[in-house]
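As a basis for the values below, the full set of heavy atoms in this structure was taken, side chains included, without hydrogen atoms, waters or symmetry mates. Just follow the structure's listing: the first ligand is 1, and inside any ligand the first atom is 1.
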Amino acid sequence: MNGATGGSPFRPASLFPPWAHPAPRCLTRHPRRPLKGSASALPLPAWPNLAHIGGMPRRTQPVHVIGGGLAGSEAAWQLAEAAIPVILHEMRPAVKTPAHKTGAFAELVCSNSFRSDDAELNAVGLLHAEMRRAGSLIMRIGDAHQLPAGGALAVDRDGFSEAVTATLRAHPLIRVETEEVTELPPPEWGMSIVATGPLTSSSLAASIQAATGADRLAFFDAIAPIVYRETIDMEVAWFQSRYDKPGPGGTGADYINCPLDRDRYCAFVEGLIAAEKAAFRDWEKDTPYFDGCLPIEVMAERGPETLRHGPMKPMGLTNRHKPGEKPYAVVQLRQDNALGTLYNMVGFQTKMKHGEQIGLFRTIPGLEKAEFARLGGVHRNTFLNSPQLLDEALRLKVLPHIRFAGQITGCEGYVESAAIGLMAAKFAAAEALGGSPKLPPLTTGHGALLAHVTGRLAVPGEARDFQPMNVNFGLFPPIEQPRADAAGNRLRGKAKTIERRRALSRRALAEFETWLGETQLLAA
Ligand SMILES: Cc1cc2nc3c(=O)[nH]c(=O)nc-3n(C[C@H](O)[C@H](O)[C@H](O)COP(=O)(O)OP(=O)(O)OC[C@H]3O[C@@H](n4cnc5c(N)ncnc54)[C@H](O)[C@@H]3O)c2cc1C
């Protein structure tokens, strides 16, 4: 690595004492170049001023954070604010990705929205609220650069990422290295957090594969939609496994089945072919479709009967509600989490636009009122089979000095990626200070997301099919909720959902505060 001894113009060398400079193997393949809008153009911070973090850096080795995206920026900030020195490695602008345009940290590669900011009724809004309470840099700067967007938190993308960059570069405990890290950090580096995102450079990806096994790192996702169980009409659908086979760990009635007659099936296939699809970006066009995970519309294009002999085959299934009527085709949904709140549509990965998916899937009998925790997609996306590879505190089981954070762990979205970065930093900080990581409760947005990524609540045996997901209320353990409103009317439908979400959010925020208090005590 370059620059282990070179000082940044932003901090006196004395703040990075010799113990903060291990002499790691040189992994740099590209010359260091200053970031665009060069560091020297930024105002000098009033250093050394560490009063807010106790006055002195902790006497620990620095933690290496690799990748200055949403997750890496948040992780570096959280560590530095816990008075732990950080070396932040970011390859841009020296080495580019196909999607990023600048050399700034936390660049938003597409939309400028952090999605809903409603902390009562929306799971990502709840995650915003938790992150704000945890002193998140991404949320603080997002709030400072927000643009009008109704109930969503949208940000001025340039102002946002420039401010994140300036803040991190100005922090006296963060040293920035502009370089590609081409191999997993060796143990001599001490604790490291890899947050290189969905477009991790190919050399680092190869190194990850060498350490974990080639089939444990995916380069494309193949996402089937996920439905909230409570929104499936069980007067139409029924539980049954094909041929009633229990299989390992099953009961013989493990799938939810939705029947289609001939007319509905033909209309559905036509709908698939006619639906508008999301285009691949130029650099995604070489998407290798594996025969096992072809988008459903690609199968439909191969002939009208293809799906009836593939994921929609009716064989071995009898409609419990109408035993005398043989379904022409069947859509099967499989339990997606141990709580039993989420079911995925088996084999329904798709490039259809989101609106088209909702409209078409609601023509399936039993799914007329379906609400979707996740819609289908196929994207270029480098991600780990985290439930198999990571422990519950995000450490790589085979190399526990390395943590992973951000989208590479199998979450989706700017906010979720930053939230995983926040947790990885809190866990690393606890260890750096001689303690052990304390996991956020499953009832919080952070805990629910972490459980998805690390497979804490996975259905046994499903880890091999791990696919990325946004935070959603289906990941939260159920809660007792009032059955009637204040006037004594029984809660039903939408009103019931609203009350349930309110109750989940109240519980989440209360338990998150408790967790935060405990993690701060650990770091004190
Ligand atoms: C094309 C595209 C569009 C997207 N659109 C959206 C959207 O609209 N909304 C949304 O919420 N999410 C979107 N996402 C997902 C989004 O990228 C992530 O949610 C988020 O940016 C992930 O954060 P991260 O920190 O994990 O990764 P990133 O933000 O990608 O950060 C990873 C960083 O690591 C650096 N890096 C990679 N390899 C190395 C290496 N070897 N050495 C040093 N540095 C390295 C990269 O340059 C990058 O800065 C999109 C993703 C892609 C690819």
Item to complete: Number the atoms of ligand 1 from 1 as they appear, then name those within less than 4.0 Å of a heavy atom of Gly406, with their elements.
Response: 26 (O)

Worksheet item: Mind checking whether His171 and Trp77 have ring centres under 6.0 Å apart?
Response: yes

Worksheet item: Do the rings of Trp189 and His89 sit parallel, tilted or perpendicular, given the 30° and 60° boundaries?
Response: parallel

Fill in: Part of Arg380 within contact of ligand 1 (heavy atoms, under 4.0 Å)
neither

Practice prompt. Return yes or no for this condition: an N or O of Gln407 is under 3.5 Å from an N or O of ligand 1.
Written response: yes

Worksheet entry | Identity and separation of the nearest protein heavy atom to atom 38 (N) of ligand 1 | Ser201 N, 3.2 Å

Worksheet entry | 4.5 Å side-chain heavy-atom contact, Glu431 and Met191 | yes

Item to complete: Show which atoms of ligand 1 fall inside a sub-4.0 Å distance from at least one heavy-atom site of Ala195.
Response: 32 (C), 33 (C), 34 (O)

Discussion item. With respect to Thr97, determine whether any N or O atom, backbone or side chain, lies less than 3.5 Å from an N or O atom of ligand 1.
Written reply: no

Worksheet item: Which residues satisfy the side chain to side chain donor-acceptor pair (under 3.5 Å) test with Lys353, sequence neighbours excluded?
Response: Glu276

Worksheet item: What's the shortest distance from atom 37 (C) of ligand 1 to any protein heavy atom, and which residue and atom give it?
Response: Thr196 O, 3.4 Å

Worksheet item: Heavy atom under 4.0 Å from ligand 1: found in Ser417's side chain, backbone, both, or neither?
Response: side chain

Worksheet item: Hey, are the side chains of Arg501 and Ile498 touching, using non-hydrogen atoms and a 4.5 Å cut-off?
Response: no

Worksheet item: Is Glu179 near ligand 1, meaning one of its heavy atoms is under 4.0 Å from it?
Response: yes

Discussion item. Contact between Leu384 and Ile208 at the side-chain level, heavy atoms closer than 4.5 Å - yes or no?
Written reply: yes

Fill in: Polar proximity ligand 1 side, Val181 side, N/O cut 3.5 Å exclusive
yes

Discussion item. Among all protein heavy atoms in this structure, tell me which lies nearest to atom 27 (O) of ligand 1, with the distance rounded to 0.1 Å.
Written reply: Gly197 CA, 3.3 Å

Item to complete: Among all protein heavy atoms, pick the one closest to atom 25 (O) of ligand 1 and tell me residue, atom and distance.
Response: Ala71 N, 2.9 Å

Practice prompt. List every atom of ligand 1 that sits less than 4.0 Å from any heavy atom of Cys110, numbering the atoms from 1 in the order shown and giving each element.
Written response: 3 (C), 4 (C), 5 (N), 6 (C), 8 (O)

Worksheet item: Is Arg281 in contact with ligand 1, taking contact as a heavy-atom separation below 4.0 Å?
Response: yes

Item to complete: Taking the six-membered ring for Trp and the single ring otherwise, decide whether the centroids of His379 and Phe219 are under 6.0 Å apart.
Response: no

Worksheet item: Below 3.5 angstrom, do we get any N/O pair linking Ser111 and ligand 1?
Response: yes

Worksheet item: With atoms numbered from 1 as shown, which atoms in ligand 1 lie under 4.0 angstrom from a non-hydrogen atom of Pro198?
Response: 17 (O), 27 (O), 30 (O)

Worksheet item: So, for Phe220 and Phe383, is the gap between ring centers shorter than 6.0 Å?
Response: no

Worksheet item: With a 4.5 Å limit on heavy-atom distance, are the side chains of Leu199 and Arg380 in contact?
Response: yes

Worksheet item: For atom 47 (O) of ligand 1, which candidate among Met91, Glu90, His100 provides the closest heavy atom?
Response: Glu90

Please tabulate, for side-chain N and O atoms in residues 139-154, each donor-acceptor pair with protein atoms closer than 3.5 Å (sequence neighbours left out).
| unit_1 | atom_1 | unit_2 | atom_2 | d |
| --- | --- | --- | --- | --- |
| Asp143 | OD1 | Arg132 | NH2 | 2.8 |
| Asp143 | OD2 | Arg132 | NE | 2.7 |
| Gln146 | NE2 | Asp143 | O | 3.4 |

Practice prompt. Could you tell me whether Gly72 and ligand 1 have an N or O pair separated by under 3.5 Å?
Written response: no

Worksheet item: Would you say ligand 1 has an N or O under 3.5 Å from any N or O of Leu70?
Response: yes

Worksheet item: Is there at least one pair of N or O atoms, one from Tyr414 and one from ligand 1, spaced under 3.5 Å apart?
Response: yes

Discussion item. Need the ligand 1 atom indices (1-based, order shown) with element for anything under 4.0 Å from a heavy-atom of Leu204.
Written reply: 41 (N)

Discussion item. I need the nearest protein heavy-atom contact for atom 51 (C) of ligand 1: residue, atom name and distance, please.
Written reply: Val109 CG2, 3.8 Å

Worksheet item: With a 4.5 Å heavy-atom cut-off, do Lys397 and Leu389 have their side chains touching?
Response: no

Worksheet entry | Option whose closest heavy atom lies nearest to atom 31 (O) of ligand 1, chosen from Ala104, Gly69, Gly413, Ser113 | Gly69

Practice prompt. Quick one: do Tyr414 and Ser113 satisfy side-chain contact (heavy atoms from CB on, under 4.5 Å)? Show the steps, please.
Written response: CA-CA 9 Å; Tyr414 302 140; Ser113 173; over 6 Å; no

Practice prompt. If you have a sec, work out which protein heavy atom is nearest atom 53 (C) of ligand 1 and how many Å separate them, to one decimal?
Written response: Leu199 CD1, 3.9 Å

